[in-house]
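Model, not experiment: these values are computed from the prediction.
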Number of protein chains: 2
Amino acid sequence: MTDRRRSVAAAADGFARAFTVDDLIAAARAHSPGIGIATVYRAVAAMEGAGALERVGSRDGSALYVRCSEDEHHHHLVCTACGAVAHTPCPLGTNMPDSAHEGFVVTSHQITLYGLCAACAGTGAVRG
Amino acid sequence: MTDRRRSVAAAADGFARAFTVDDLIAAARAHSPGIGIATVYRAVAAMEGAGALERVGSRDGSALYVRCSEDEHHHHLVCTACGAVAHTPCPLGTNMPDSAHEGFVVTSHQITLYGLCAACAGTGAVRG
DNA sequence: CCTACTCGTGATAACCATTCTCACTTTGGA
DNA sequence: TCCAAAGTGAGAATGGTTATCACGAGTAGG
Ligand SMILES: [Mn+2]
Ligand SMILES: [Mn+2]
Ligand SMILES: [Zn+2]
Ligand SMILES: [Zn+2]
């Protein structure tokens with residue numbers, strides 16, 4: 001684990017909402033002023049591979065990510081108005097990975113729920 | 001509905017597997033030789049908006065689509081080896097759209113299952 | 001017939017998020 | 001300390017997708 005990687009991870013920890021790589025670059029530069037974008041992209045790829053980061057869609061052509069613990073298998077709920085994120089248990093229940101459906105052996109799945117968080121549900125706010 | 005749009009829809013119908021826009025362009029040109037890529041991209045956007053096409057990930061930086069009926073709410077199972085697609089009922093069951101989770105009002109969700117189809121599960125095949 | 005307006009089309013240029021290149025530095029173990 | 005492997009960063013390149021724009025087909029009204 002290098003100094004740069006630590007900065008990116010710390011920057012990711014700082015977000016309570018979904019963020020783009022650009023957001024992450026800006027945040028990482030607070031602690032590592034000279035960090036290059038290639039390095040951040042590489043850190044993102046590594047973290048995504050390790051389950052520390054998860055893609056939850058895109059906004060204006062840029063990927064949106066969510067900081068995620070590497071613990072239990074679970075999924076995410078993203079507020080389409082403010083980007084707020086909630087971690088929610090896997091709704092598949094008994095139909096877990098490696099089970100069979102329609103003749104397929106299911107090895108993985110991608111689930112993201114979208115909606116409005118409590119704060120945004122109150123106002124008529126809409127974003128992106 | 002124009003002639004071009006019909007060609008793209010017909011081309012999409014011809015795929016039993018997930019396909020890229022490039023695949024679609026090639027297929028559409030079988031019946032509409034001069035069709036331009038912009039037209040196909042526009043048709044894809046229209047079909048996606050209408051629920052006739054659904055994005056199921058990407059391969060090598062290109063979006064992967066699946067032809068889909070506009071009927072019941074359901075999701076897809078994609079073979080990571082050959083791209084074969086199966087349509088499968090929504091696993092959320094009672095937790096349908098517009099319900100609440102973690103304080104969120106859930107308005108939509110994105111679910112895709114990945115695995116190996118019966119044919120590919122037999123061989124040791126792996127792709128992309 | 002005209003005119004005006006809308007919409008789809010397609011060749012092409014532009015965009016721009018992401019990846020690659022390459023020379024250099026850092027890391028961590030022996 | 002030494003070294004091979006991995007990481008870094010400025011900049012160039014990539015390439016899927018989108019924006020432009022001139023054109024033609026349809027349509028409604030007169
Ligand atoms: Mn999480
Ligand atoms: Mn379907
Ligand atoms: Zn799950
Ligand atoms: Zn569903």
Task: Presence of Tyr41(A) side-chain N/O under 4.0 Å of dT19(C) phosphate oxygens OP1/OP2 - done: no
Task: side-chain contact (heavy atoms from CB on, under 4.5 Å) partner of Tyr65(A), chosen from Leu24(A), Val56(A), Val21(A) - done: Val21(A)
Open item on the list: Restricting to non-hydrogen atoms, name the atom on Arg5(B) and the atom on Ala43(B) that form the minimum distance, rounded to 0.1 Å.
Closed with: CD-CB, 3.8 Å
Task: Nearest-angstrom distance from the residue atom CZ of Arg6(B) to P of dT9(C) - done: 10 Å
Open item on the list: Under a 3.5 Å threshold, yes or no: a donor from one side chain and an acceptor from the other, between Ser108(B) and Gln110(B)?
Closed with: no
Task: Ser62(B) and Thr20(B) side chains, donor-acceptor separation under 3.5 Å - done: no
Open item on the list: Looking at dT8(D), I'd like to know if its phosphate oxygens (OP1 or OP2) sit under 4.0 Å from a side-chain N or O belonging to Arg5(A).
Closed with: yes
- [ ] Could you check how far CE of Met1(B) sits from C1' of dG26(D), rounded to whole Å?
- [x] 16 Å
Open item on the list: If I take atom CG in residue Leu24(A) and atom C1' in nucleotide dT18(C), what distance separates them, rounded to the nearest angstrom?
Closed with: 14 Å
Task: Whole angstrom value for the distance that separates C1' of dG8(C) from CG of Asp3(B) - done: 12 Å
- [ ] Check whether more than 12 heavy atoms from other residues, nucleotides or ligands sit under 6.0 Å from atom NE2 of His31(B), and answer yes or no.
- [x] no
Task: Integer-rounded Å distance: dG15(D) C1' and Asp60(B) CG - done: 12 Å
TODO: May I have the distance from Ile25(B) (atom CD1) to dT18(D) (atom C1'), rounded to whole angstrom?
DONE: 13 Å
TODO: Could you tell me the separation between the CZ atom of Arg59(A) and the P atom of dA17(C), rounded to a whole number of Å?
DONE: 12 Å
Task: Note, Val8(B) side chain near Met47(B) side chain (heavy atom, < 4.5 Å) - done: yes
- [ ] May I ask you to decide if the ring planes of His109(A) and His73(A) are parallel, tilted or perpendicular, using 30° and 60° as cut-offs?
- [x] perpendicular
Task: Atom-to-atom span, CZ of Arg4(A) to C1' of dA6(D) - whole angstrom - done: 15 Å
Open item on the list: Regarding Arg42(B), tell me which of base, sugar-phosphate or nothing describes its non-hydrogen contacts under 4.0 Å with the strands shown.
Closed with: base
TODO: Please state whether the phosphate of dA25(D), meaning OP1 or OP2, lies under 4.0 angstrom from any side-chain nitrogen or oxygen of Thr2(B).
DONE: no
Task: DNA chain C contacts made by residues 27-40 of chain B, counting heavy atoms under 4.0 Å - done: Gly34(B), Ile35(B), Gly36(B), Ala38(B), Thr39(B)
